[in-house]
**Student:** 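Have a look at the structure that comes next, please.
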Amino acid sequence: MVSEGAGGRRTRGLRAEAALETVMADPDSPERVHRVLELALVFADAALVALYAPGEDGELLRLVESAGLPRTLYGLPESYSVSGPSPAARAHRDTRPVWLGPGEQDVGLRSHAAQAQEFSLAVLPVRAGDGCLLAVRESPGGFDADERSCLELIARSVVCPAVSGPETRGEPDADAFTLAMDSGRIDVGDDILRLFGLRREEFDGKVETLLARTVPEDLPSLMSVVEADHMSLGDRELEFRVLQPAGPPRWLRLHGRLLPGGGQRPARLVGSVADASTLRSDVTDVARVQRLAAALSTAGTVRDVSQAVVTALRRPLRADRIALAELEGDRLVVTVLDPPEPEDWPELWRMEWRAEWPDAPVRTMPTLAAALREGRAQIWPAGTALEPALAEVGPGGLAVLPLPADGRMAGACLIGWDAPHDFGTDERALLTASAGLAGQALMRAHAFDAEHELVTMLQRQLLPRRLPKLPGAVAVARYLPATAGLEVGGDWYDVIPLPENHVALVIGDVQGHSTAAATLMGQMRTALRAYAAEGHPPDVVVAHANRLLSDLETDLFATCCYVEVDMEEGSAWCVRAGHPPPVLRHPDGRTEIVETDGGPPLGVLRQAEFPLGPLDLPPGAVLALTTDGLVESVEADIDEGLARFADRLGAADPVDLGQVADALLDSAQRNDDVALLLLRYDGMASRPLRESWTVWRVPQAVGQARRFTRRTLRTWGVPEQDQDSALLVVSELVTNGLVHTDGRVRLDLTLVNHRLRVAVTDTSPRSPVKPTSIGWEATGGRGILLVEAVSDTWGTVPVSGGKQVWSELLLSD
């Protein structure tokens, strides 16, 4: 360390005296004590200076003010006992300085640097019994003679303010607050409550209530102010955001000062909170960058990033136009133009980029290309010779910000002024800082958009492309992915047509949001559809899906609601596996939550029971199935959400079911995926005629089946010329079932709208094969060819424990 010499030391002392005279010349300044302590930091080379004064009880020395590093880093307490052995108490009692070198402190002080760091302590009495001045210096040599002289001079000059007792609380100013640091109780003015969206009668006086309304990303910086351990005495200022019931968060500015405790009064944070949007002229460039960084941290898509940059820069810079574009290869792809009207932009842009300004080659603007190559912000004042495509963007001044990210150019931002604009130093720094933030955010958003498109495509492939047309009913479905995060969701729905005018409605939710959840969702949807097509009743379908999920050995589980509706009778059976119940809207507008018994979620217990619950659907009724994302939120539990959902369904007009679905989704929180499935049952205009016959394995079985068929068709009034074809089909299909299978064979006849359906069910899963050629000596194989010849259409479907071969014949009028 270079010594100053005697001349330097005398100069330091003179400078200290002159500085003290300047500070003490303003006795009414509320900052005088703090400014005096700051002189000790400068002229004594101290790391921390603190002033202690006797409390009203005379038993404690209480902290009045401090300057420099936070006192908590050295373990300085808020008070010392006057009769205790501390250096502060000794200096106060004996009215003489106490100088302690490294290793001599006995007050438990610690260094904020490495534990081996040595430091010295000086405690000097302030005037006659008014308190003491404490200074800490991190130097093994301690305070030299000149620094001691400066400290003594300052200690003689400082005047301790009175340490008052406990305060009586009064009504704070409208924009002011007082926070007790020990209890977290806070007194706030009415204007602050209004900014936080609270009424006076709603506020409980706790600072946590206000913190709960702030944007989570801003909480760390705000907590650094409202927690005493994070602050030293002095002024603090920052901007933060509070959530609004609707629209974007509101920016607020906090100005606060931490005051020490005294007597029975705790340390307090006092200050004010104001709407930052009304302080545009006072907003610093640091605050603007802070706002931009906060906005970009929540911007998910490229367009979100572009809008955040426009909002953060155009109005503060009073720019007339701003454009942001991605760089893809050698072309600029414009994402945002503000203002968006074509006439506000150069004619060459409109000619080259068409009406939407989708993209333009960089080579058409060589000046811009050069700026992108250099990779730093370029500013051209009014009158600079530029190509027309750039000059007309900002005739009064143009700023081009290349947006760098990860070693490459992500895009460019162009900011233009019409009137001559003077670019100050702070403004240039703001533009440079903003460019770096925007470039990184643009790269993240580009990846987000690409992944989002992949997720959306995957989701579309896993859900039904369209719902089938149903006899006597209309079904609509909606799916909304969560807005938070990119993971594909596990919600699904399905509408499965079944034989005999039955329809299965399925809605489900796989735990989590991931590719694994989406894959499992696809497996469960396929499994339920397959089990339903086999002809199982609803409880068996869900039980099979549960065993399948258990056997997959996954950690995920799924919830499901399965409803099978008989379109002819207007009746239904419901099975729930850990899923919210359906909601039924009656034709008169009454709604009910169908509280049927349910089983556990799929995949939790392999041997679980899933009870059946009956439902009646009169014509005009609407059945609604949804996932918990629509009826459950952080603010309300699922019972409250279901009740609100039922009320909205009852108030809707079911004539246009699509509009009903859209209206129900208006209240979705979008923190989770949402699936919604609605069915309006209208009733079938004409109900089919049905008869069944069990075919016994006896020699005359085919004849009995033919007689049953003829008797049934005559009862139904089928013309004689159509009966012969039907009897031929019955003979061939029943014979095929008896000859080639074992076990039970059943014949089903259905007549609807002049179409006769003949179906034969047996216990063999093997479908009949149509022969490609038959020799003249062959004794079999012609049956299927005959069925094909006389039928309008025919086919085979697997059913539980076997198959069903069916034929449909179009009857004459």
Side-chain angles (χ1 to χ4, degrees), residues 30 34 50 52-53 55-57 59-66 70-72 75-80 161-245 249-276 634-635:
H34 190 76
Y52 288 84
E56 286 188 341
D57 54 7
E59 297 180 358
L60 293 176
L61 290 171
R62 298 190 179 277
L63 180 68
V64 174
E65 186 69 271
S66 68
R71 62 180 179 81
T72 53
L76 284 182
E78 285 199 2
S79 62
Y80 289 105
V163 180
S164 59
E167 323 182 276
T168 57
R169 290 185 179 179
E171 288 296 327
D173 294 338
D175 65 343
F177 69 89
T178 301
L179 170 65
M181 305 303 289
D182 59 342
S183 64
R185 303 292 298 182
I186 184 170
D187 292 331
V188 295
D190 291 336
D191 285 356
I192 297 179
L193 291 178
R194 178 182 54 79
L195 293 175
F196 276 86
L198 288 170
R199 295 193 300 271
R200 174 65 64 181
E201 58 271 17
E202 295 176 336
F203 184 52
D204 57 5
K206 298 179 180 179
V207 70
E208 293 84 358
T209 303
L210 301 180
L211 294 177
R213 300 203 169 211
T214 61
V215 173
E217 291 84 355
D218 296 349
L219 271 177
S221 59
L222 195 57
M223 293 300 295
S224 69
V225 174
V226 301
E227 290 184 353
D229 289 346
H230 295 170
M231 286 189 63
S232 61
L233 299 180
D235 291 340
R236 290 295 181 270
E237 185 173 296
L238 85 158
E239 291 188 355
F240 62 98
R241 294 166 295 169
V242 293
L243 300 170
Q244 298 294 301
R250 170 183 287 173
W251 279 97
L252 303 181
R253 172 180 287 185
L254 180 146
H255 181 91
R257 180 175 180 78
L258 185 65
L259 301 179
Q264 300 177 7
R265 180 187 63 193
R268 298 157 300 144
L269 178 69
V270 299
S272 61
V273 175
D275 189 344
V634 233
E635 295 83 14

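Since this is a predicted model, take the numbers as computed values, not measurements.
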**Student:** Are L195 and V242 close enough that some pair of their side-chain heavy atoms sits under 4.5 Å apart?
**Tutor:**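 When only atoms from C-beta onward are counted, V242 and L195 do not touch, as no gap falls below 4.5 Å.
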**Student:** Is the shortest side-chain heavy-atom distance between F240 and V215 below 4.5 Å?
**Tutor:**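 No, every pair of side-chain atoms sits at 4.5 Å or beyond.
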**Student:** Side chains of R241 and R250: does their closest heavy-atom pair fall under 4.5 Å?
**Tutor:**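 Heavy-atom side-chain distance check fails, nothing below 4.5 Å.
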**Student:** What residues, two or more places apart in sequence or in another chain, satisfy side chain to side chain contact (heavy atoms under 4.5 Å, CB included) together with S272?
**Tutor:**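 Expected list: D175, H255.
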**Student:** Would you please name every residue forming a salt bridge (Lys or Arg N to Asp or Glu O under 4.0 Å) with E201, sequence neighbours left out?
**Tutor:**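 Salt bridge (Lys or Arg N to Asp or Glu O under 4.0 Å) check on E201 returns R199.
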**Student:** Are L179 and D187 close enough that some pair of their side-chain heavy atoms sits under 4.5 Å apart?
**Tutor:**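 Side-chain contact under 4.5 Å: no.
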**Student:** Quick check: do T209 and F196 have side-chain heavy atoms less than 4.5 Å from each other?
**Tutor:**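 Contact flag for T209/F196 side chains = no.
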**Student:** Go through the steps for D190 and R200 under the test side-chain contact (heavy atoms from CB on, under 4.5 Å), then give the verdict.
**Tutor:** CA-CA 7 Å; D190 291 336; R200 174 65 64 181; 2.6 Å; yes
**Student:** Are F177 and L254 close enough, and set up right, to give a side-chain contact (heavy atoms from CB on, under 4.5 Å), and what steps lead you there?
**Tutor:** CA-CA 10 Å; F177 69 89; L254 180 146; 4.1 Å; yes
**Student:** Hey, what do you get for CD (E208) to CZ (R213), rounding to the nearest 0.5 Å?
**Tutor:**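 Spacing of CD (E208) from CZ (R213) equals 14.0 Å.
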**Student:** Taking atom NZ of K206 and atom CG of L211, what is their separation to the nearest 0.5 Å?
**Tutor:**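 Going from the NZ atom of K206 to the CG atom of L211 covers 13.0 Å.
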**Student:** Going through the checks in order, is the side-chain contact (heavy atoms from CB on, under 4.5 Å) test met by V273 and D191?
**Tutor:** CA-CA 8 Å; V273 175; D191 285 356; over 6 Å; no
**Student:** Would you say that T214 contacts L252 through its side chain, given a criterion of any heavy-atom pair below 4.5 Å between the two side chains?
**Tutor:**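 Side chain of T214 against side chain of L252, heavy atoms only: no contact under 4.5 Å found.
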**Student:** With a 4.5 Å heavy-atom cut-off, do I192 and L198 have their side chains touching?
**Tutor:**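 A side-chain contact is absent here, since even the closest heavy-atom pair is not under 4.5 Å.
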